[in-house]
Amino acid sequence: MDVSYILDPLNDAQREAVTAPPGPVLVLAGAGSGKTRVLVHRAAWLIGVERVSPWGMLAVTFTNKAAAEMRGRLQELLGVPAAGMWIGTFHGLSHRLLRAHWREAGLPEAFQILDAEDQQRVVRRVLRSLELDEARWPPKEVQRFINARKDEALRPARVDHRGDPYVQQLVRVYRAYEEHCARAGLVDFAELLLRTLELWHGHPQLLAHYRERFRHILVDEFQDTNAVQYDWLKLLAGHSGQVFAVGDDDQSIYGWRGARVENLKRLTDEFPATRIVRLEQNYRSTSTILRAANAVIAYNQGRMGKSLWTAGEPGEPLELYSAFNEQDEARYVVGRISAWIEHGGAPNEVAVLYRSNAQSRAFEEALIMSAIPYRVYGGLRFFERAEIKDALAYLRLAANRDDDASFERIVNQPARGIGERTLAAVRERARHEDSSLWHAARLLVAEGATATRAAKALQGFLERIDRIASRMRGLPLHEQVDQALGESGLLEHYKADRSEKGRARVENLEELVNAAQSFAHEGELPPEAEGLDPLAAFLAHAALEAGEAQGDPGQPCVQLMTLHAAKGLEFSLVFLCGMEEGLFPHQLALEESGRLEEERRLCYVGLTRGRRHVVLSYAERRRLHGAETFPHPSRFLYELPQELLHEVRPRVTVARPASPAGADTDVDHAPGLPGALHLGQRVAHPKFGEGVVLNYEGKGSHARVQVNFEHAGSKWLVVAYANLEPV
DNA sequence: ACCACCTGTTATTAT
DNA sequence: AACAGGTGGT
């Protein structure tokens with residue numbers, strides 16, 4: 001049997017992992033050491049050599065992107081699709097199981113998935129029904145509390161409040177929240193996992209069935225598993241523990257949502273037979289980039305210990321640019337990208353990485369100005385847009401009348417004369433009957449108990465939903481969506497808005513029909529959708545995979561994303577922007593003890609995304625939450641070996657304005673500049689008239705300043721030639 | 001009940 | 001800066 005196609009592309013360590021005899025395996029895989037390759041080749045090995053049917057294998061990842069990549073690469077390696085193999089995210093696979101066994105799981109057949117925003121609305125609703133003040137019980141915190149408990153597999157009854165009245169109250173809200181979800185047939189993200197775990201616990205014959213089937217489990221990014229996910233895997237693996245897990249403790253960046261690095265150690269403790277393989281050769285980056293990354297991560301305590309090395313060339317030093325402000329930062333980055341593209345570089349080989357989504361804006365503006373195609377990942381995504389969620393809510397309510405969250409969302413959207421008073425009556429009745437809002441509204445209408453005008457409006461709404469549901473029957477998915485858009489009055493409503501925003505919304509709604517069409521038609525209905533009716537599958541897809549924000553996937557684009565979103569990806573040219581204390585490491589992480597190391601791991605992740613070039617940048621002033629700040633350079637910059645750094649531009653060359661309240665005191669004066677030019681200085685130019693100095697660059701005879709002229713607009717001028725007169 | 005406007009609040013990371 | 005929620009006029 002020729003297995004060279006599986007083994008030849010592997011190094012010794014990779015081969016050891018791939019060919020390990022049956023039994024638990026933990027692969028500690030450093031960044032760029034071929035982690036995905038090992039997973040994929042392991043699957044191929046099991047199929048090709050161990051004669052395991054793909055049908056008996058389960059592969060779990062954390063993101064849809066990772067799952068899709070694994071599926072694609074496996075298919076490429078095998079030459080055929082690995083039909084029957086379950087590949088998906090924890091959430092996707094759990095969802096699939098719950099759809100198949102909704103009855104045993106205690107869910108209604110048409111249960112709907114709550115995304116984070118939906119969940120917050122439900123929490124608000126519950127807080128109100130308990131008459132708790134939102135100021136004292138911030139919905140966000142309550143939401144975090146609930147999710148954190150669920151991530152630990154703790155139902156309200158099992159939460160240890162230790163007599164703390166504050167926690168007791170939170171538990172009360174948690175319980176009420178659960179009751180609300182149960183009645184409305186709503187399942188949040190954490191619930192998908194926990195409910196599946198309980199499904200197995202409560203139905204041993206079901207568990208036995210899946211254990212029998214999935215003798216081989218592959219897990220990606222094991223360091224990101226939370227308590228429930230660990231239990232989920234352990235339960236499914238059973239005593240044999242045939243888990244092939246790949247992970248890297250240095251890339252654990254999801255602690256804030258319950259991930260536990262300790263699960264790596266726990267696995268080896270609870271399955272003592274676990275074979276540990278270390279992948280330490282990096283194939284991705286230059287040795288310079290690797291040295292830089294290793295130096296930074298070395299500041300962390302208690303690592304499991306790996307030393308990444310490469311046989312690659314040293315390459316270029318890392319570049320560091322200190323920008324005047326975020327616009328200057330973006331300008332520099334985009335300038336660098338332009339040069340890269342001019343020299344024949346591919347735009348899609350470039351990534352601009354940052355700590356928080358809000359930072360994308362300055363880069364987007366600069367990229368648009370330079371007409372460079374780009375794509376932003378994250379942020380507000382397609383299925384998270386308000387108009388899309390409105391439309392989906394119509395579909396969801398048509399599918400499940402008890403879905404209170406959807407009911408609340410659209411009962412008066414578009415406005416149809418159902419106001420707060422009417423709604424209050426419906427809620428009150430629902431509480432009284434312990435029923436859904438839909439049921440309560442029905443009763444009120446039937447009894448004619450509300451004012452006739454309100455009752456008519458309410459009745460109109462109920463009939464509208466019923467009409468949508470009945471007209472949808474038998475139609476292909478995209479026509480169902482199209483039909484609902486029309487019948488709901490949503491399309492009309494948004495069309496009436498002739499503003500820019502309104503037009504965009506109409507476009508999005510139309511795009512939703514297209515999305516439905518391609519979802520159903522492309523023949524690649526996600527496998528977890530099998531056996532589901534297309535609408536249910538589409539709605540689940542919308543909740544579980546929010547879709548990309550924008551960008552034309554057809555053309556090569558510069559990639560903009562957060563550091564978190566970049567994990568698992570690699571690029572020839574990587575920008576790490578906003579390297580500032582308070583931004584990265586983030587302020588909120590600095591305020592809580594013990595969270596700095598995760599930020600540092602995030603920095604490690606960022607650096608190791610780069611193959612050839614890494615450019616770091618920070619701004620000396622930055623508008624943050626509407627206010628001007630004067631941040632200090634990130635500590636991570638000081639943790640980099642300075643000999644690996646090349647500072648692109650010497651620091652201050654033109655006098656800076658005095659900073660407020662001692663934020664920064666070094667007001668340097670540039671040698672060789674005529675007069676006292678400084679930022680904010682009013683100047684006069686012989687041709688352009690008067691203006692204000694906005695920005696500066698370079699030094700000596702090359703110094704340039706940006707001046708915003710009252711009539712001529714903003715211009716960059718070489719100070720030596722411009723003849724500027726301070727006014 | 002609806003809409004436009006104002007005011008106060010709040011700011012990561014994401015399945 | 002952005003947004004949710006509240007206020008006041010229609």
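Here is the naming used below: chain letters follow the sequence lines, and residue numbers restart at 1 for every chain. Quick caveat: nothing in here was measured; it's all calculated off a predicted structure.
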Give a yes-or-no answer on whether the side chains of A:T225 and A:W232 include a donor-acceptor pair shorter than 3.5 Å. no

What nucleic acid atoms does A:R121 come within less than 4.0 Å of, heavy atoms only: base, sugar-phosphate, or nothing? nothing

Rounding to an integer number of angstrom, what distance separates C:dA4 and B:dT13 when you compare their P atoms? 16 Å

The test is salt bridge (Lys or Arg N to Asp or Glu O under 4.0 Å); show your working for A:R622 and A:E628 and say whether it passes. CA-CA 6 Å; A:R622 179 181 296 274; A:E628 197 85 6; over 6 Å; no

Is a side-chain donor-acceptor pair under 3.5 Å present for A:Y377 with A:Q559? yes

Kindly say if A:R622 contacts the phosphate of C:dA1, meaning a side-chain N or O under 4.0 Å from OP1 or OP2. no

Which whole number of Å gives the distance between the C1' atom of B:dT12 and that of C:dG5? 24 Å

By nearest atom, which of the nucleotides B:dT15, B:dT12, B:dA14 is closest to the A:S356 side chain? B:dT12

Judged by modelled atom types alone, do A:R621 and A:N325 share a side-chain donor-acceptor pair under 3.5 Å? no

Numerically ordered, the residues 578-591 of chain A set in heavy-atom contact under 4.0 Å with DNA chain B is A:H586, A:L588

Are A:Q119 and A:N147 close enough that a side-chain donor and a side-chain acceptor fall under 3.5 Å? yes

When you compare the protein's N or O atoms with those of nucleotides 4-9 of chain C, which come within less than 3.5 Å of each other, and at what distance?
from  : atom 1 : to     : atom 2 : distance (Å)
C:dG5 : OP1    : A:R124 : NE     : 3.2

Under a 4.0 Å heavy-atom cutoff, the residues of residues 406-413 of chain A touching DNA chain B are A:N412

With stacking defined as ring centroids separated by under 5.5 Å and planes differing by under 30°, is A:F62 stacked against B:dT15? no

